[in-house]
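To keep things clear, I will list the structure first and then write my remarks on it.
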Amino acid sequence: MTRTLVVVGHGMVGHRLVQALREKDVTDQWRIVVFAEEGRPAYDRVALSSYVDTWDADTLSLAPHEDPLVELNLNDLVVHIDRDDKVVRSMSGRAQPYDALVLATGSVPFVPPVPGRDLPGCHVYRTIEDLDAIRATVEGAHSSGRHAGMVLGGGLLGLEAANALRGMGISPHVVELGPRLMPLQVDEGGAGLLRRLVEKLDLTVHTGTSASSIERDGDRLIAKLSNGTELDLDVVVFSAGIRPRDQLAREFDLAVGERGGIVVDSACRTSDENIYAIGECANIGGVVYGLVAPGYSMAEVVADRLLGGTAEFPGADTSTKLKLLGVDVASFGDAHAQTEGALEVVVNDAVAGTYAKVVVSDDAKTLLGGILVGDASKYPVLRPLVGRPVPGDPVSLIGPAGGVELSLPNDAQVCSCHAVTKQHIVDVIGSGEAVDVPGIKACTKAGTGCGSCVPMLKKLLSECGVEQSKALCEHFEQSRAELFEIVRVTGITTFTELISRYGRGRGCDLCKPAVASILASLDNGHVLEGEQAVLQDTNDRFLANLQRNGTYSVVPRIPGGEITPEKLIVIGEVARDFGLYTKITGGQRIDLFGATVDQLPQIWKRLVDAGFESGHAYGKALRTVKSCVGTTWCRYGVQDSVGLAIELELRYRGLRSPHKLKSAVSGCARECAEARGKDFGVIATEKGWNLYVGGNGGFTPRHADLLASDVDTETLIKLIDRFLMFYIRTADRLQRTSTWIEGLEGGLDHLRAVIVDDSLGICADLEAAMAKHVDNYADEWRGVLEDPEKLARFTSFVNAPGTPDPTISFREERGQKVPVLLGIPEVVR
Amino acid sequence: MTPVCELSALQPESGVAALLPDGTQVAVFLTHDGQVHALGNIDPFSGAAVLARGIVGDRGGVPVVVSPVYKQAFELSTGKCLDDPSTAVPVHPVRVADGIVQVGSP
Ligand code: SRM
Ligand SMILES: Cc1cc2nc3c(=O)[nH]c(=O)nc-3n(C[C@H](O)[C@H](O)[C@H](O)COP(=O)(O)OP(=O)(O)OC[C@H]3O[C@@H](n4cnc5c(N)ncnc54)[C@H](O)[C@@H]3O)c2cc1C
Ligand code: SF4
Ligand code: FES
């Protein structure tokens, strides 16, 4: 007979319980009725902060339960439990009998009893709706040109909230009652460094104090701190801890812990044998865990018990890694050395901005825990070693050179979010089920939680001998990035020399344009000089874009989209005189279509004489820097976006790169120039500029990530110089900045470390390379017009120059010339 | 055979287009080893007369030109399309006499 399980709460843990039970319950013993207070099905709360990147709630969705035995009631709070008759009652008035009941009610943010805490503009940080409300407050404040905020609480969540506020253009104050940031996870030494690093990001940190009152003054909030400081704010976010939601247990007489939480045994059973509690509302072994992984284990335990099993809660790993604010913080095992006799080994490198500590047993033989700040790259290797013998001298684990090569034991847990062991991963690699990281994710779920084990997954792949080929093509074993380094270091200037020394065969349509682009990025003169001409794809070879009928299009540069009436007239006259189809592009400039190879130099002669330059619409190079009209005209503008866009476009014009580069500058947060859709986008703020990188339209749209905020123009340009050169040196062939950043080991944090904090010490070199580009820039079309040898190649027929291609013909549409579609010829078969 | 240009007008590893008296377009290529090849200039996949503007190189050691439109490779000596063996372009006889490149009809 089918029994009924009622689940109260559809958060991450309730969701996992339903999934686990339905997976295990192959004979359909249980039907499941879920009551959820929130108006939407469970979503990835761990990733809540990423919601501010897209404001698209769908990106947080968890797999829906498409199952006739699962009934999900949204927006329906359970308010009553009748334990004798085994019935729950909900807000909507429904009475639902149960055979077993699971409380998965999670927790609520703790809001300290500060006078004024309920004022408009004060928020908590737990749900999608909370973030929407914070956004509304922030936007209201922005429209009056203000952006001050405070986060109350300097723990892990508080810093996440502060980072989210930064992403919305707010410079937050972080107020922590304890003596340091992240007091639970980090010790004094680590917290000191953490504080210095986050203060560089425009956070103001107040420790050892709290808010004593908040008052409204007109449209702002005035917060008084207990140390006498007064802050003038627009938005306040409380992130001072969480409290388990145990009201149902209290009201209906289930045992509750001294400091809250529904008391359960190792089977997750409450004091009523038909009722279980799991996740953040449960108090297990005297502990209330505020992390998702222990909640997931509890869900698995209950699923097993409901089917007659004997699973017990295995205990939990409370290791954490903070992946925000551009600062790595990791804390694992006995981080505070509370084990009797534990020894601490610390490497505190104030120059490099890294702090690392390992805690070992009194005989220095067993790793107990550790803390990493500034660089947590060793976290995936060290965390699984907790409780195991230290290979070698403890200091070598965290020493500067990376120390001993660590190989994990087979039963070590690699992914703590999904409790996946090294053995499991090695098995799926060995059996051929997984050949890459996405494959491992699909087979084992490893890497699909917080993502911090992904570097380890890559390492295991290569340990198992699975190497993803990086070869450029059949002629070069090297990746584009490796070839770039070879060319840079050897000073090779021709394809022939490169392929004869480092490749094989004669080259092809993949490697030739890629090498041509590398040579051009390293400033080897005109792109059609000597042998370089024959390496180029037709677009670069004719400095124009090939169209379907064999004609080309012409796009003169119009920096920032700003153009004088005189120049507009020139374009109009040229188009008229050569009979070119004319269209405004999506990049704020004008495209002239239908030119034959012979016409290109004549057209460009007219354009160059009128002061135009190549727009590089054909090249893997900077395309356009779009602008909005900005402060000069727009009543909301806070900076001169047109001026900056022109400056950037002129600075980076002609810069060859692995793929095309697009940019935009908006004059205020309304973002009319769509800068966040660009490879590098700039949005004006009251204090300067916010720089975003890695945006993309096209096939896989991606919003750009905030790299630096409120910087002045000089700093901005320096950062863009470094960003572009680093990309040019290290990206793959035809890899846009968006996929490049996503593929970078360490992601945005690593990028920020390299180009903002100069962690590799290469910034001066990158800047010098860009300075060289800027100095050597010359208009490509002028270069052709001034060189008879290059000009001579712009002929349709070598034996009949000037004779038009007889296959090209046009018809008229809406008053302009368009190509007559070509019949596909009879082919020899 | 129609004389189309001086050999020196060809750049190694690239092509030029030429017009035959009957209006046929040919693409004439010079490879790195000094060999001259001539194929029909019309790309069978787009109908555009552009093969002469493709990149010349090799696939597995076989000299090819790659169409600039949709990137199919054609074998220089046979005109065969390596990406779609049922398709080929015409091969024209070609010779160099006294430094002049001459092309005939297929
Ligand atoms: C002319 C234009 C369309 C128009 O009439 O508005 C255009 C036309 C072409 N685009 Fe585009 N794109 C044009 C703006 C865009 C935009 C919008 C923008 O730049 O603001 C996008 C999305 C933004 C982005 O790139 O992130 C765009 C995304 C693409 C993509 C997809 C890129 C991707 O990352 O997925 C391609 C394909 C590619 O590059 O591999 C592409 C490729 C092309 C090519 C080069 C395709 C081709 O090989 O023939 C088109 C030929 C241009 C020509 O003949 O002149 N075009 N293209 C626009 C020229 C802008 C300019 O002034 O330079
Ligand atoms: C911003 C943020 C970042 C985080 N980052 C991490 C991290 O990096 N790593 C990590 O491990 N953890 C992290 N956490 C914590 C993690 O999200 C929680 O541990 C996890 O979501 C707990 O799941 P749960 O199902 O127990 O509780 P919840 O997700 O809170 O779900 C409980 C649900 O029950 C509903 N409910 C409550 N009472 C009733 C009732 N009476 N009737 C019906 N429904 C009810 C609630 O509305 C809620 O939807 C983060 C949390 C936040 C807010
Ligand atoms: S983005 Fe530019 S045009 Fe749009 S409102 Fe702001 S300043 Fe004005
Ligand atoms: S450890 Fe979080 S996804 Fe693997």
Side-chain angles (χ1 to χ4, degrees), chain A residues 473-475 495-496 499-500 504-513 516 528 530-542 545-552 596-597 789 792-793 795-808 819-829, chain B residues 2-6 9-20 23-26 28 30-33 40-50 52-69 71 73 79-81 84 86-91 101 103 106:
Chain A
C473 66
E474 62 175 86
H475 303 102
F495 178 81
T496 302
I499 196 164
S500 61
R504 62 175 101 81
R506 297 300 311 165
C508 65
D509 56 313
L510 304 179
C511 57
K512 283 186 169 180
L528 298 182
E531 190 202 45
Q532 283 186 62
V534 308
L535 306 177
Q536 308 287 5
D537 214 355
T538 188
N539 284 8
D540 279 294
R541 181 107 191 259
F542 293 98
N545 293 53
L546 178 71
Q547 305 299 317
R548 60 189 310 151
N549 64 347
T551 63
Y552 289 82
T596 61
V597 166
E789 217 174 282
R793 296 203 198 105
T795 41
S796 315
F797 299 112
V798 66
N799 61 343
T803 308
D805 175 350
T807 65
I808 295 173
V820 172
L821 286 192
L822 295 165
I824 303 292
E826 272 297 303
V827 291
V828 191
R829 289 197 188 259
Chain B
T2 310
V4 295
C5 63
E6 290 181 13
L10 298 180
Q11 223 183 336
E13 303 277 281
S14 73
V16 296
L19 202 55
L20 297 186
T24 313
Q25 297 190 35
V26 287
V28 183
L30 176 64
T31 50
H32 68 103
D33 51 5
N41 194 31
I42 292 183
D43 165 28
F45 295 94
S46 62
V50 294
R53 300 179 216 152
I55 288 180
V56 175
D58 79 271
R59 282 245 184 123
V62 178
V64 294
V65 62
V66 176
S67 167
V69 187
K71 316 286 175 192
K80 254 209 197 89
C81 176
D84 177 358
S86 66
T87 304
V89 292
V91 182
V101 180
V103 179

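Every chain is numbered from 1, with letters handed out A, B, ... down the list of sequences.
- Of the possible donor and acceptor atoms, one in the side chain of A:Asn799 sits under 3.5 Å from a partner among the backbone N and O of B:Leu19.
- A:Phe542 pairs by the ring pair (Phe, Tyr, Trp, His ring centres under 6.0 Å) definition with A:Tyr552, A:Phe794, not counting sequence neighbours.
- No part of A:Ile808 comes within reach of chain B, as not one of its non-hydrogen atoms sits under 4.5 angstrom from that chain.
- With a 4.5 angstrom heavy-atom cutoff, B:Pro63 does not touch chain A via any of its atoms.
- Within the 4.5 Å cutoff, the side chain of B:His32 has no heavy atoms near those of the A:Thr496 side chain.
- Chain A forms more heavy-atom pairs under 4.5 Å with one residue of B:Gly60, B:Gly23, B:Gly79, B:Ala9 than with any other, namely B:Gly60.
- For B:Val66, the part sitting under 4.5 Å from any heavy atom of chain A is the side chain, from C-beta outward, and nothing else.
- Comparing B:Ala73, B:Ala17, B:Ala52 by how many heavy-atom pairs each has under 4.5 Å with chain A, the most go to B:Ala17.
- For the atom pair CG (B:Asn41) and OG1 (A:Thr807), the distance works out to 8.5 Å, reported to the nearest 0.5 Å.
- The minimum heavy-atom distance linking B:Gln25 with A:Pro806 is given by the pair NE2-CD, 3.5 Å.
- Of all non-hydrogen atoms in B:Ser14 and A:Val534, the two that sit nearest each other are CB-CG1, 3.6 Å.
- Within the 4.5 Å cutoff, the side chain of B:Val28 has no heavy atoms near those of the A:Val798 side chain.
- Across A:Arg506, A:Arg504, A:His475, a single residue satisfies side chain to side chain donor-acceptor pair (under 3.5 Å) together with B:Asp58, and that is A:His475.
- Closest non-hydrogen pair, B:Ala48 versus A:Gly550, comes out as CB-N, 3.9 Å.
- Partners of A:Ala533 by side-chain contact (heavy atoms from CB on, under 4.5 Å), not counting sequence neighbours, listed by chain and number: A:Leu528, A:Arg541, A:Arg793, B:Gln11.
- Between B:Ile55 atom CD1 and A:Leu510 atom CG the span is 9.0 Å, to the nearest 0.5 Å.
- Both the backbone and the side chain of A:Asp509 have a heavy atom closer than 4.5 Å to some heavy atom of chain B.
- Two residues are said to be in side-chain contact when any heavy atoms from C-beta on lie closer than 4.5 Å; B:Val50 and A:Thr538 fail this criterion.
- The structure places CG of A:Asp537 at 3.5 Å from NZ of B:Lys71, a figure rounded to the nearest 0.5 Å.
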